[in-house]
Amino acid sequence: MTLSRAQYESFLVKNVSTISTLESSLRSISWFLPGRFKDAELASEALATLLNVVSMYHDTLLERIVKDNPRYRPLIPTTLHTRFTRAWMDRTSIYKWASRTLELIKFTELMIEMGLRRKLSEKAKWRGIILLEVIKAALRILLLKTTKRPLASPTIPERDFDPTTLPPPSSATSSPTLAPTSNVPSRLGTPDHLRNNHIPFEPHPLLLPSSSHPETSAEEYLAAKALTTASVKPSFSLLRKLSGPRDYLAEIIYILRPLVYVCLLVKDKKSRLPTNRALVVVLIMEFISRNLRRSPSSSALLEKEEYAKRDKDMLWYLLRGSIWETFTRPKLEGFIARTVQKPLVGLFGSLAQDWIPLIDQYYYYTAL
C-alpha cells in the first residue's frame, strides 16, 4: 500500500503540469453534461465531485513538496488567504481536519442529495440535507472557536502557484513517502559558461539602453516594489480577532443561516398554503449579520476580501424561492426564447435551459 502510494506521488510530481491541465479540462466538460442523456446530471456531478476530492489531495501533496523543497521560489507572492489558512493548518490539527472535513462535505453534498433522491423518499432526502447542514454548522462553529476570527472562505488553502514552476524532481524529493536514495557521485562536466569563450552571450535586458524601456518615473517604479502592511504582517494577524459579543453574534448568525433556511423550507413544504417564510427569515439574518459585523480598517485587506465575497454571495438568492419562481426564471426563459435561433448566443441559452430543471429539483445547486 505504501509503495503504491509513493509511486503515485512520484508520478504526480513528474507530470504535475499535465495532470493540472487534465483536471481543468474535465471540470469544464462537466458543465456541459446535464441534459445530454439520461441521468446526465448524476454523471456530471460524480465527475465534478471526483475531481474536487482528487484536486484537494493533490493540493495537499504539492503543498508538502513545495514546503520541503528549499529550491522552490514562487514567481507570484502567496495570496493573503493562502497565508492565513496555511498558517492555521500548520498550527493546530483541529483546524486542519475540521476545515478539510467541511470542504469535503461541500464537494460531495450535491452528490449525496442526488443519491438520496433516487434511492429514498422525499422526506428522507430532506432529513439528510438537514443533517448535512447541522454538521457543517458545527464544523464552522468549531473553526470559529479555534481561530476566534471571521471564517475565511474556503477554509483550506487554494492552489495559488503554477505547477510548471515546480523544480524538477530528484531522487531525494520526487516523493515525500519514498526513502531518499544514496546519490552516486558522477564526474562533473564543463560548465556552460566555460565551453566557448569566443561567442558572447546575449546582453541582459536590464543592460540594454534605456531607450528600449518605457519611460517610468522613479516614484512609479518604487511604488510597484514597495511592501504593503499586509505583506509584512504575521500570517495569524491577517484577520483580527473578534473583539466582543457583537462580533461573535454577527459570525454565528452568518454561520447558522443555511441551517435555519433549510429547516424553515422543510416546514413550508408541509404547509398547505405557499409561504415565503424561509426566504424572508434568511434575508433578515443576512442583513442583521451585515449590520453587526465590524468595519475593517484600510489595512485589513483579507477581511475586506472576505466581506466582499459574502456580499456577492447574496446574488444566489435570485435562484431561490419566490424570487426564482416569479422573477429570475421567467426572465431567463424569456432570454432563452429570444436567443434560441441566434448562433453562439443560442448555445448559452440551450445550456441554461438544461440547468433550469436541476435548480428546481435539487437544493444544493444553489446552496451557499
Side-chain angles (χ1 to χ4, degrees), residues 34 41 45 102 105-114 116-117 120-141 144 150-151 153-155 246-293 306-336 352-368:
E41 69 275 8
E45 191 55 33
L102 177 61
I105 292 175
K106 291 169 67 176
F107 291 154
T108 59
E109 59 191 7
L110 181 54
M111 188 69 188
I112 294 174
E113 181 186 0
M114 288 181 174
L116 292 175
R117 185 174 182 271
L120 302 177
S121 63
E122 186 75 6
K123 185 176 181 181
K125 185 195 81 169
W126 285 107
R127 284 180 178 177
I129 292 174
I130 292 176
L131 179 60
L132 287 176
E133 293 300 331
V134 169
I135 296 173
K136 287 164 60 178
L139 290 172
R140 288 183 173 122
I141 291 176
L144 178 65
L151 294 182
S153 178
T155 56
R246 178 170 176 167
D247 292 344
Y248 279 100
L249 181 60
E251 282 298 308
I252 291 175
I253 291 176
Y254 180 79
I255 289 172
L256 294 179
R257 293 169 308 114
L259 178 59
V260 172
Y261 177 76
V262 71
C263 290
L264 293 177
L265 189 63
V266 171
K267 288 187 177 181
D268 291 345
K269 289 182 177 296
K270 295 179 180 179
S271 177
R272 295 182 179 179
L273 298 176
T275 175
N276 297 319
R277 179 176 55 176
L279 186 62
V280 171
V281 170
V282 77
L283 286 175
I284 291 174
M285 294 179 70
E286 286 275 7
F287 287 111
I288 291 176
S289 174
R290 196 175 189 276
N291 291 327
L292 288 179
R293 74 190 186 198
E306 177 58 31
Y307 290 158
K309 191 182 301 182
R310 294 183 183 184
D311 293 341
K312 291 178 182 177
D313 284 342
M314 293 188 67
L315 294 174
W316 283 103
Y317 289 106
L318 292 173
L319 304 178
R320 289 183 159 194
S322 59
I323 300 178
W324 163 252
E325 295 172 357
T326 61
F327 176 77
T328 311
R329 186 171 61 186
K331 296 288 185 183
L332 188 58
E333 290 174 343
F335 169 78
I336 295 171
Q353 189 174 13
D354 294 333
W355 282 84
I356 288 178
L358 303 180
I359 297 175
D360 293 332
Q361 296 173 6
Y362 296 103
Y363 169 78
Y364 279 118
Y365 263 114
T366 58
L368 300 175

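Below, each value reflects all heavy atoms present in this structure, side chains not excepted, and no hydrogens, waters or symmetry copies.
- With respect to K106 and E109, no salt bridge is recorded, no charged nitrogen being found less than 4.0 Å from a carboxylate O.
- Y365 and W355 have their aromatic ring centers within a separation under 6.0 angstrom.
- Under the 4.5 Å side-chain criterion, counting only non-hydrogen atoms from C-beta, L279 is not in contact with L264.
- Interatomic distance, CG of L120 versus CZ of R117, reported as 12.5 Å (0.5 Å rounding).
- Under the 4.5 Å side-chain criterion, counting only non-hydrogen atoms from C-beta, I105 is in contact with L139.
- Take Y254 and apply the side chain to side chain donor-acceptor pair (under 3.5 Å) test, not counting sequence neighbours, and it matches no residue.
- Distance OG1/T326 to CD1/I323: 7.5 Å, rounded to 0.5 Å.
- To the nearest 0.5 Å, atoms CG (L102) and CZ (F107) are separated by 9.5 Å.
- Using a 4.0 Å cut-off between charged side-chain N and carboxylate O, R320 and D360 make no salt bridge.
- Under the 4.5 Å side-chain criterion, counting only non-hydrogen atoms from C-beta, Y317 is not in contact with T366.
- Annotation: K309, atom NZ; neighbour count of heavy atoms from other residues, nucleotides and ligands within 6.0 Å is above 12.
- Judged purely by atom type and a 3.5 angstrom limit, R246 uses its side chain to pair as donor or acceptor with the backbone of L292.
- For the salt bridge (Lys or Arg N to Asp or Glu O under 4.0 Å) test, no residue two or more places apart in sequence or in another chain qualifies with D313.
- Ring pair Y261/Y363 is parallel by interplanar angle, where below 30° counts as parallel and above 60° as perpendicular.
- Looking at heavy atoms from C-beta onward, R293 lies out of side-chain contact with D247 at the 4.5 angstrom threshold.
- Heavy-atom minimum distance, L319 versus W324: C-CB, 3.4 Å.
- Proximity of Y362 to K125: side-chain heavy atoms (C-beta onward) are nowhere separated by under 4.5 Å.
- When every heavy atom of L259 is checked against every heavy atom of V262, the shortest pair comes out as O-CG1, 3.3 Å.
- A donor-acceptor pair is defined here as one N or O able to donate and one able to accept, closer than 3.5 Å; no such pair exists between the side chain of S289 and the backbone of M285.
- Taking CD of E333 as the start and CD1 of I356 as the end, the distance is 5.0 Å to the nearest 0.5 Å.
- Residues L144 and I252 are in side-chain contact: their nearest non-hydrogen atoms beyond the backbone lie under 4.5 Å apart.
- Minimum interatomic distance between E45 and L110 (heavy atoms only, all atoms of both residues): OE1-CD2, 3.2 Å.
- To the nearest 0.5 angstrom, N276 atom CG is 10.5 Å from L265 atom CG.
- Listed here is the closest heavy atom pair of L256 and A137: CD2-CB, 4.3 Å.
- Atom CD1 of I130 sits about 12.5 Å away from atom CD1 of I135, to the nearest 0.5 Å.
- Of the possible polar contacts, one joining the D268 side chain to the A278 backbone as a donor-acceptor pair under 3.5 Å is found.
- Looking at I112 and L132, their side chains come closer than 4.5 Å, going by heavy atoms from C-beta outward.
- Residues E306 and R310 are paired through a salt bridge, judged by an N-O separation under 4.0 Å between the basic side chain and the carboxylate.
- The closest donor-acceptor contact from the side chain of S121 to the backbone of A124 lies under 3.5 Å.
- When the salt bridge (Lys or Arg N to Asp or Glu O under 4.0 Å) test is applied to R127, no partner is found at least two apart in sequence or on another chain.
- The shortest distance between side-chain heavy atoms of I129 and E113 falls below 4.5 Å.
- Remark: R290 CZ is loosely packed, at most 12 non-hydrogen atoms of other residues, nucleotides or ligands lying under 6.0 Å away.
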